[in-house]
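Only heavy atoms go into these numbers, but all of them, side chains included; no hydrogens, no water, no symmetry mates. Just so we're on the same page: letters track the sequence lines, and every chain starts at 1.
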Number of protein chains: 2
Amino acid sequence: MTRQHSENQDLFAIADLAKEFGISTRAIRFYEAKGLLSPERVGATRVFRRRDRARLILILRGKRLGFSLRDISDYLSLYDADRSQQVHLLVGKVEERLASLERQRDDLETTIAELKEIRELAVAPPTRSRSQAG
Amino acid sequence: MTRQHSENQDLFAIADLAKEFGISTRAIRFYEAKGLLSPERVGATRVFRRRDRARLILILRGKRLGFSLRDISDYLSLYDADRSQQVHLLVGKVEERLASLERQRDDLETTIAELKEIRELAVAPPTRSRSQAG
DNA sequence: CAACGGTTTGACGTTAACGTAAGCTCGTGG
DNA sequence: CCACGAGCTTACGTTAACGTCAAACCGTTG
């Protein structure tokens with residue numbers, strides 16, 4: 001299959017997305033079961049559009065950042081809050097998540113800095129002081 | 001207990017560390033079982049020193065960054081490679097992890113930027129264009 | 001027509017990271 | 001003396017995030 005008509009740049013089969021993002025179809029169905037995706041159906045077959053594809057990208061990025069699907073679900077709701085929620089409530093949640101992410105960024109910066117230091121130490125000659133007996 | 005003599009700033013009971021870092025003693029024992037910690041023993045009782053406490057800090061930071069204990073274990077070995085490993089091999093691993101972390105940082109920056117944009121959009125008045133019907 | 005590839009819905013298996021409970025040992029204090 | 005709290009080990013329970021069949025339903029292609 002894989003979009004044979006060249007017409008539909010907007011419709012994706014489950015296998016298309018699976019291949020594109022290097023995940024299993026099972027995973028995609030699982031995300032739907034958890035409410036992170038909601039593809040349309042043609043008969044029983046799932047049909048994905050751009051919106052779902054975009055959400056999938058966010059899901060995978062969330063996973064790379066170490067978040068649970070539960071977290072990611074909350075996170076996605078920030079994106080499609082089409083003013084369906086009270087604005088101040090939305091802003092509150094965004095602020096929360098931003099704080100968490102910025103903390104994570106600090107952790108990350110610290111870790112990167114430490115690793116770079118380790119790298120330097122590894123390359124540089126040892127400091128030659130009580131280096132024996134361990 | 002909790003270091004009654006004021007003398008030993010260097011010895012910690014399992015409960016001390018658990019309380020200090022807000023985790024369970026079970027978790028600490030689990031980390032030991034996985035080889036991430038190796039406290040000394042007095043009889044059967046675990047006795048932790050600064051080194052283990054430092055490792056615990058790294059473990060928890062790794063967890064906040066979303067890494068598995070397996071990953072963290074590899075990561076810790078970078079810290080205590082006392083030239084026990086071949087230097088170039090060490091540097092290789094450090095580079096690897098750095099690359100991964102910097103990718104994660106990019107994801108993070110992207111996400112933070114997007115959230116800030118959402119925040120602005122939420123605060124700003126809607127763009128008033130085909131905003132009805134839903 | 002019959003086989004084949006792709007898809008669907010169950011349903012059970014698996015791994016990670018602990019939680020929780022049971023049963024035993026110590027050292028201490030009323 | 002005996003209860004109590006702290007620690008230990010062993011072992012089973014739990015949740016998340018899928019993996020892995022199994023059985024059945026298309027659509028089409030040789």
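Side-chain N/O atoms of B/Lys63 include one lying less than 4.0 angstrom from OP1 or OP2 on C/dC18.
Of the candidate nucleotides D/dG19, D/dC18, D/dC8, D/dG19 has the atom lying nearest to any side-chain atom of A/Ser24. Side-chain proximity of B/Ser68 to D/dC18, D/dC8, C/dA17: nearest is C/dA17. Side-chain proximity of A/Ala13 to the nucleotides C/dT7, C/dC18, D/dG7 is greatest for C/dT7.
At whole-Å resolution of the value, NZ in A/Lys19 and C1' in C/dT7 are 15 Å apart. Separating the CZ atom of B/Arg26 from the C1' atom of D/dA11 is a distance of 10 Å, rounded to the nearest angstrom. Distance CG (A/Asp16) to C1' (C/dG5): 14 Å, rounded to an integer number of Å. To the nearest angstrom, P of C/dT7 lies 14 Å from CG of A/Leu11.
Ion pairing of B/Glu96 with A/Arg119 is absent here, as no side-chain N (NZ or NE/NH1/NH2) approaches a carboxylate O to less than 4.0 Å. A salt bridge is absent between A/Glu32 and A/Arg29; no separation between the charged side-chain nitrogens and carboxylate oxygens falls under 4.0 Å.
Contacts of residues 27-50 of chain B with DNA chain C (heavy atom under 4.0 Å): B/Ala27, B/Phe30, B/Tyr31.
Around CD of B/Glu20, the count of heavy atoms belonging to other residues, nucleotides or ligands within 6.0 Å exceeds 12.
Between the side chains of A/Arg61 and B/Thr110, no donor-acceptor pair is found at a separation under 3.5 Å.
Residue contacts shown for B/Thr25 are absent, as no nucleic acid heavy atom lies under 4.0 Å away.
End-to-end axis angle for the helix from C/dC1-D/dG30 to C/dG30-D/dC1, using five pairs per end and rounding to 10°, comes out at 30°.
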